[in-house]
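See structure below.
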Amino acid sequence: MFIFFIQVPFLTLIWIFLMETGLYLNTVAPLQPFAKRVLTINEKISRWIYAHPKVVKVVKIAGLILGGASIALPPLGGAGIVICVVCGAIGGAGITISAIALKVLDILIPPKHDMKHHTFKPGQCEGGKLYYQGDVPILSITTKDPFKAGKAHGYLLGPSLNTLRSRTDFVSNFVPFVTKSKDIPSVIESVRKYIPERYIKEMEGFVDGFNQWAKEQRFRRIKKITLEDVIAYNMAPDSCHFKFPLAEHKLKKQAANPTVNQQKPALALACTVVIDRDEDGGFTFGRNMDWPSLGLAGAHSLVFCRHLEDGSRVVEVSVPGLIGTLTAMKIKKNEKSGLSLCMNVAEGVTTEVKGMPAVFLNRLMLETCSTAQEVSELVETDGYQPLGPYHLSVADNKDAVGLHLCQEGFDPTKRHWRRRWEQNKPLVVTNQTYGKKEDHFWYSKERKEVIDAFFTHAQQNINPNGIDRSKLVVHSLSLPYVNNEETTHRVVMQPSLGKISVAFDNSFAGDAKLHPLTVEQLFANQ
């Protein structure tokens, strides 16, 4: 018995001493309750449906078959005609109700998307090429002319954007999901003055390309788009803080306040960023983008590749129609290292137009700067004022910083608040401001606590010489609440190595398989 009590701690010490990151993630980490609470019933249902796509598919098909079978019933005796009419009406209504119900189900609990099932149809036109590298859809912009680049984008991704628009319009009948450009003409006109002219030209090209594709659809009537539509679409991340109706009334100098109460966004969003560094591989920049997929957005996500005037190359992870930047990495000409950045939305109250929408400011800073320090300095200069609050995370081969733009409640003498990566302490950015005592909206406090608990436990149980922080960053994106029903992108960038990995899904993309790419691969055919 005495020997047993000596052996157990001794063997435990040996186990910890020998344990490396891969072994820890495969054996110990899955058994740890890093979250303080259990899943709710709704969360369990969402996860079950996501994990059993075949069962859900069978149920959907059965619903449609039952509706169709009612229509196909044969006449029975003298009452056959009456029965057929009644059954036909019931069957037709059944199919219609089933189709609507299934669409609603897909919106509420998005279906699983396997990237091996390709959404996009490859094609090529002047200025761009749409293709697959393995199972990753890529739009390669082969021109530096902004109008031609936008036109290629609009034309090649026209089918996908039209599908997304149709689903968004359907949801907007029930929930104020987006603000339409026709409702805020004064806001659009005012915002346009802050957007760089080359991005305006690219959006004009996008409109031309999409409308050309729409015109070519002989047997379908496609609703055309306008420049104002595209500007409004690119302001979607700003909808969390920008009170469009209030701003429109102010610009029109109307005395009465709008009846629309837009103090909080209609849908919850909860992006996560985790950045940590290995001495050999440099920084690993992990990012989950959480956005209501409406059952489609994950499947219609892709990678954009662009060349800049100075020879640098940019890789972006985005969706059709977004001219600005959500998540991207830039590699300078003749250099392997680069700069990575992404944004998280933040709540606030913006009622006036005094700056640039977030996605355009992100793109401008990525194209202008080469280091995280340059970005940190540039946001303090005139001409780079954001429309309102949001989080901007940036990393290069030497530094990583979280910029909390226009955040109140910290240092009133400064426009923005900064946090830098520290040794053995990953930089974690979740939605909302920090420093509040109460729980944060969108559970950002909870997600950060889960990530901190995971890294603390990993550092305590892995041999210090065997810690692979890049693997810890990747795994942290799949933790409970970090990976959730709104997660549509999982992106891992290594700016020091020029590598990027992506996973797209309509929900729980933190569980989806990562597809690794390198900048050399992405631009090999250009």
Side-chain angles (χ1 to χ4, degrees), residues 115 120 122 124 127-144 149 152-153 156 273-278 280-287 289 301-319 322-343 359 362-372 374-375 393-400 469-471 473-474 477 489-504 513-526:
M115 289 179 66
F120 300 92
Q124 188 169 358
K129 178 182 179 182
L130 179 60
Y131 67 100
Y132 276 86
Q133 185 165 304
D135 291 325
V136 179
I138 299 168
L139 178 61
S140 177
I141 302 298
T142 58
T143 178
K144 295 178 183 178
H153 179 175
L156 293 172
V273 173
V274 183
I275 305 175
D276 208 355
R277 181 176 181 176
D278 283 312
D280 296 334
F283 281 105
T284 297
F285 190 129
R287 187 275 208 284
M289 191 184 87
S301 301
L302 73 163
V303 171
F304 287 75
C305 297
R306 306 175 188 273
H307 278 292
L308 302 184
E309 291 292 339
D310 65 357
S312 299
R313 297 164 294 178
V314 173
V315 180
E316 295 187 26
V317 179
S318 194
V319 292
L322 201 71
I323 305 301
T325 297
L326 292 173
T327 308
M329 180 173 71
K330 180 175 80 170
I331 301 296
K332 294 179 66 176
K333 184 179 181 181
N334 300 324
E335 293 186 21
K336 199 170 187 179
S337 61
L339 176 69
S340 294
L341 63 75
C342 78
M343 71 166 291
V359 297
N362 296 338
R363 182 171 171 181
L364 181 61
M365 289 190 289
L366 182 72
E367 294 176 348
T368 304
C369 302
S370 299
T371 66
E374 288 180 5
V375 174
S393 302
V394 193
D396 54 30
N397 59 333
K398 296 181 180 179
D399 193 15
R469 294 189 172 276
S470 64
K471 289 183 179 179
V473 170
V474 172
L477 300 178
H489 296 172
R490 178 164 64 144
V491 184
V492 179
M493 298 179 283
Q494 293 178 292
S496 298
L497 304 176
K499 294 182 179 180
I500 182 170
S501 298
V502 299
F504 304 139
K513 176 185 175 182
L514 281 168
H515 296 255
L517 302 164
T518 65
V519 173
E520 288 80 3
Q521 288 176 317
L522 291 169
F523 289 89
N525 297 325
Q526 289 194 348

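One is the number of the first residue; the rest follow in order along the sequence.
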Quiz item: In terms of heavy-atom contacts, does NZ of K330 have more than 12 from other residues, nucleotides or ligands at under 6.0 Å?
Solution: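 Yes, the 6.0 Å shell around NZ holds more than 12 heavy atoms from other groups.
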Practice problem: May I ask you to check whether over 12 heavy atoms, not counting those of K513, lie within 6.0 Å of atom NZ? | Solution: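 Not more than 12 within 6.0 Å, no.
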Going by the rule side-chain hydrogen bond (donor to acceptor under 3.5 Å, both in side chains), which residues pair with [X] if we only count those two or more places apart in sequence or in a different chain?
{"X": "S312", "result": "D310"}
{"X": "T325", "result": "E316"}
{"X": "R313", "result": "none"}

Quiz item: Out of curiosity, E309 CD to E367 CD, how far, rounded to the nearest 0.5 Å?
Solution: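 Rounded to the nearest 0.5 Å, the CD-CD separation comes out at 9.5 Å.
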Quiz prompt | I331 CD1 to S370 OG distance, which is reported to the nearest 0.5 Å | solution =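 Atom-to-atom, I331:CD1 and S370:OG are 11.0 Å apart.
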Practice problem: Using ring pair (Phe, Tyr, Trp, His ring centres under 6.0 Å) as the criterion, list what pairs up with F504, not counting sequence neighbours. | Solution: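 Applying ring pair (Phe, Tyr, Trp, His ring centres under 6.0 Å) to F504 gives H489.
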Exercise. List in chain and number order the residues that pass ring pair (Phe, Tyr, Trp, His ring centres under 6.0 Å) with H153, two or more places apart in sequence or in another chain; answer none if no residue qualifies.
Key: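 F206, F304.
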Does some side-chain heavy atom of [Y] sit less than 4.5 Å from a side-chain heavy atom of [X]?
{"X": "Q124", "Y": "L130", "value": "no"}
{"X": "N362", "Y": "L341", "value": "yes"}
{"X": "V473", "Y": "V492", "value": "no"}
{"X": "C305", "Y": "L522", "value": "yes"}
{"X": "N397", "Y": "P495", "value": "no"}
{"X": "V303", "Y": "V502", "value": "yes"}
{"X": "V315", "Y": "L517", "value": "no"}
{"X": "S470", "Y": "F283", "value": "no"}

Quiz item: So which of Q494, Q521, M329, M493 actually passes side-chain contact (heavy atoms from CB on, under 4.5 Å) with K499?
Solution: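 Going through the options one by one, the only one that passes is Q494.
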Quiz item: With distance as the sole test, does D396 use its side chain to make a donor-acceptor pair with the main-chain N or O of L339 at under 3.5 Å?
Solution: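 Flag not set: sc D396 to bb L339 has no pair under 3.5 Å.
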Practice problem: Can you sort out the partners of A503 under side-chain contact (heavy atoms from CB on, under 4.5 Å), two or more places apart, ordered by chain and number? | Solution: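 R490, A512, L514.
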Quiz prompt | Evaluation steps, side-chain contact (heavy atoms from CB on, under 4.5 Å), between L308 and V314 | solution = CA-CA 7 Å; L308 302 184; V314 173; 3.7 Å; yes
Practice problem: Take M289 and R287, measure what side-chain contact (heavy atoms from CB on, under 4.5 Å) needs, and give me the verdict at the end. | Solution: CA-CA 6 Å; M289 191 184 87; R287 187 275 208 284; 3.8 Å; yes
Quiz prompt | side-chain contact (heavy atoms from CB on, under 4.5 Å) between K398 and T371, intermediate numbers included | solution = CA-CA 9 Å; K398 296 181 180 179; T371 66; over 6 Å; no
